[in-house]
Amino acid sequence: MDKAQVASMLEEIASLLALKADSNVFEQRAYENAARALNSLDGDLTQLVEQKKLKGTPGLGATLIKRVEEAVQEGHIAILNELRANTPAVKLEMMRIPGVGPKKINAMYDELHPKSIADLEQACKDDKVAKIPGFGKKTQEKILQGIAFLQQHADRFRFDVAFTEAERIRAALATLPEIVRLEVAGSLRRRRETVKDIDMVVSVSDGAGQDEREKIMTFFTSQPGILSITGKGLTKSSVVLASGIAMDLRVVSDSQFPSTLHHFTGSREHHIPLRRRAQNMGMTINDYGLFKISDGSEELIPCHEESDIYAALNLEYIAPELREDTGEIEAAAQHKLPKLVEQSDMRGILHAHSTYSDGQRTIREMVDACIERGYSYLGLSDHSKAAAYAGGLSEDDVRRQWEEIDRLNAELKGRFRILKGIECDILKDGTLDFENDLLAGFDFVIVSIHSNFNLTPEEQTRRMLRAIANPYTSIIAHPTGRLLLGRAGYTLDMEAVVDAAAREGVCIEINAHPSRLDLDWRLVRKGREKGLKVPIGPDAHTTEGLDDVFYGIGIARKGWLSAEDVPNTLEADELLRFFQEQRERRLKQSSVAH
DNA sequence: GCCGTTTTCGGCCCGACTGTTTTCAGTCG
């Protein structure tokens, strides 16, 4: 039983507690907090429990520690089983309907005993829900709409899908002269890998009247590609976009903009301790501003930018990507936040394919596209022979490719550099798809799993650790193989993998493809603390694919990475030296070991 | 259920919006 498993049990308890008749929201929150506390713990949970090291962890009190110990030692938590037995499954399902929460669910369940969402839908159509005390026609209609929304739309979207939609609307709104400031907020601004909806905040000058606001809202709700308008007012309008994503636009006066933007950027988890801090300092935060409380009256503290809010709380500015309540407030108070990596730090591409394997562009075309984007090198990494489905290279193909690279490098001398790399398959037993004497000819070796996804976690972990132990391994690519909203990753002990990679000096990439974003940012963060180097790899199969680096940078920033943590912020010469030293050190170590 | 630089009890972030109600409960972010 690992941390993630126990954490999800605690989360389930929280959800089930919410549905209890006499539920206590604070107890529920305690379980949610404990789940998060557990996830960000370092080390093996079983050991932590055995050594009684959980005591003192913020968010874990005596009771929660007992629950965690029970889960680890017994494999189950008694009160979870009890809650499950006493909570009809349909209640949990109903939690997914927008606008419906625990209280309404319990009322509907007690009156109508639906067995499924379909039953509930029928009850609405039969006008039975509107007759429940405290309910009415409008609530019934809203529930029907909520059910329809559930049936038509996924409840989460990949970052890139939402970002593209948001960017289109942002660009359109930016043409309006009435708008002073304009920002995307919400989880999209925090660069979460998936998002539920799009939040946007715009400001009008403080003297602006109703007309300006109305014009903005009308312009917004009449944009092309809007499926339906679910709300339209002077401060907030809501629509559903063609892709099925819900979007809210808020209009505020410019002096309120920083506070409103901050509020709607979240996360909720970040705001709770932040507001507690404000409270302790005799202040209060709401979406309209930061206020000093004296003698019971509130005095506005003027903030022109979000950074002013943090400054007033004696904090360094906290970038949106970090606002997840994973220690950023404490770090900001001690002025220990990292300087986060940016696109302008990136010097070259590591992990791209060409027509030699399954890429759609020739090496030369990929090179030109890199030059166009301001990069000074391309670390080419076509597939190895085991990846037959992807046109993996034979040993002869590799030598042929090297010749072409040598030729091109001579031609490009001084302007650009192609690095000889490979994306080498990790075979079922953890050995690599090419012999070491061939691997020695590459400038760098990326290794990754493309087969045998269904090994046991122990086997899969052993397989990966063996690949890490090969002294020619430079980088692990897409370590879990997950496809966001598609397929779960291989089950393996990622913490052991991150530990081993950091210890051995092997890099783990952030695969920047928006369907992967793997290594996960939570693990990026843990790896960074152990000295792991994390290149950002677009895994480009086309020239456009090179632009996916953008998504990888968002994840790198969420993982608290600075430029020095990301090897492809180095110049080509420095990077080649980095790989060379890495290999020499590891060869020396492995010969000592033998 | 957690937590403590006045506290071991009594707080726990905060306000908008909506709908159902005549003063508030539920939901959301």
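Below, all heavy atoms of this structure are taken into account, side chains as well, without hydrogens, waters or symmetry copies. Within every chain, numbering begins at 1; the chains are lettered A, B, ... in the order of the sequence lines, protein sequences first and strands thereafter.
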TODO: Could you check Gly101(A) against Pro133(A) and say which one's nearest nucleotide on DNA chain B is further toward the 5' end?
DONE: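 Mapping each residue to its closest nucleotide by heavy atoms, the 5'-most match is Pro133(A).
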
Open item on the list: If you assign Asp248(A) and Thr63(A) each to the DNA chain B nucleotide with the nearest heavy atom, which residue ends up on the more 5' nucleotide?
Closed with: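 So the residue in question is Thr63(A).
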
With a 4.0 Å cut-off on heavy atoms, is [X] in touch with a base, just the backbone sugar-phosphate, or nothing at all?
X	value
Arg250(A)	nothing
Ile285(A)	sugar-phosphate
Ala278(A)	nothing
Gly134(A)	sugar-phosphate
Asn24(A)	base
Val25(A)	nothing
Thr235(A)	sugar-phosphate
Lys236(A)	nothing
Pro102(A)	sugar-phosphate
Arg276(A)	sugar-phosphate
Gln28(A)	nothing

With a 4.0 Å cut-off on N to O distance, would you call [X] and [Y] a salt bridge?
X	Y	value
Arg36(A)	Glu32(A)	no
Asp211(A)	Lys215(A)	no
Glu306(A)	Arg323(A)	yes
Lys558(A)	Glu324(A)	yes
Arg170(A)	Glu167(A)	yes

TODO: Tell me whether the OP1 or OP2 atom of dT18(B) has a side-chain N or O from Thr139(A) closer than 4.0 Å.
DONE: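 No, Thr139(A) has no side-chain N/O under 4.0 Å of OP1/OP2 on dT18(B).
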
TODO: Would you tell me if any nitrogen or oxygen in the side chain of Ser267(A) comes within less than 4.0 Å of OP1 or OP2 on dG29(B)?
DONE: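 For Ser267(A), the contact criterion (side-chain N or O under 4.0 Å from OP1 or OP2 of dG29(B)) is not met.
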
- [ ] Apply the test side chain to side chain contact (heavy atoms under 4.5 Å, CB included) to residues Met283(A) and Ile293(A): give CA-CA distance (whole Å), side-chain angles for both, the deciding distance (0.1 Å), then the verdict.
- [x] CA-CA 5 Å; Met283(A) 293 182 261; Ile293(A) 304 170; 5.9 Å; no

[atom1]-based separation of [M] from [N] [nearest Å]:
N	M	atom1	answer
dG26(B)	dT21(B)	C1'	13 Å
dC9(B)	dC14(B)	C1'	23 Å
dT23(B)	dC28(B)	P	26 Å
dG11(B)	dT18(B)	P	31 Å
dC13(B)	dG4(B)	P	14 Å
dG29(B)	dT20(B)	C1'	22 Å

- [ ] Could you tell me whether Tyr310(A) and His262(A) have their ring centroids closer than 6.0 angstrom?
- [x]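 Tyr310(A) vs His262(A): aromatic centres under 6.0 Å.
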
TODO: Could you tell me which non-hydrogen atom of Ala37(A) sits nearest to which non-hydrogen atom of Pro58(A), and how far apart they are?
DONE: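 The answer is CB-O, 3.6 Å.
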
[X] side chain, from C-beta outward: closest of [options]:
X	options	result
His263(A)	dG1(B), dG29(B), dC13(B)	dG29(B)
Arg275(A)	dG19(B), dT27(B), dC14(B)	dC14(B)
Arg268(A)	dG29(B), dG19(B), dC14(B)	dG29(B)

How long is the line joining [atom1] of [X] and [atom2] of [N], in whole Å?
X	N	atom1	atom2	value
Arg67(A)	dG1(B)	CZ	C1'	9 Å
Arg277(A)	dC14(B)	CZ	P	16 Å
Leu313(A)	dC13(B)	CG	P	15 Å
Asp287(A)	dC28(B)	CG	C1'	12 Å
Gln279(A)	dC3(B)	CD	C1'	14 Å
Phe26(A)	dG11(B)	CZ	C1'	8 Å
Lys103(A)	dC28(B)	NZ	P	12 Å
Asn280(A)	dC13(B)	CG	P	11 Å

Open item on the list: Is the positively charged end of Arg250(A) above the ring of Phe264(A), judged by distance under 6.0 angstrom from the centroid and angle within 45° of the axis?
Closed with: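 Satisfied, under 6.0 Å and within 45°.
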
TODO: Just jot down the side-chain contact (heavy atoms from CB on, under 4.5 Å) partners of Glu529(A), sequence neighbours excluded, or say none.
DONE: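 Scan of Glu529(A) (side-chain contact (heavy atoms from CB on, under 4.5 Å), adjacent residues dropped) gives Arg525(A).
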
Open item on the list: Only pairs with both distances under 3.5 Å count, Watson-Crick or wobble alike; so what is the partner of dT8(B) in this structure?
Closed with: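 Pair assignment: dT8(B) / none.
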
Task: Close approaches to DNA chain B from residues 182-198 of chain A, in residue order (heavy atom, under 4.0 Å) - done: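 Nucleic-acid contacts, sorted: Lys196(A), Asp197(A).
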
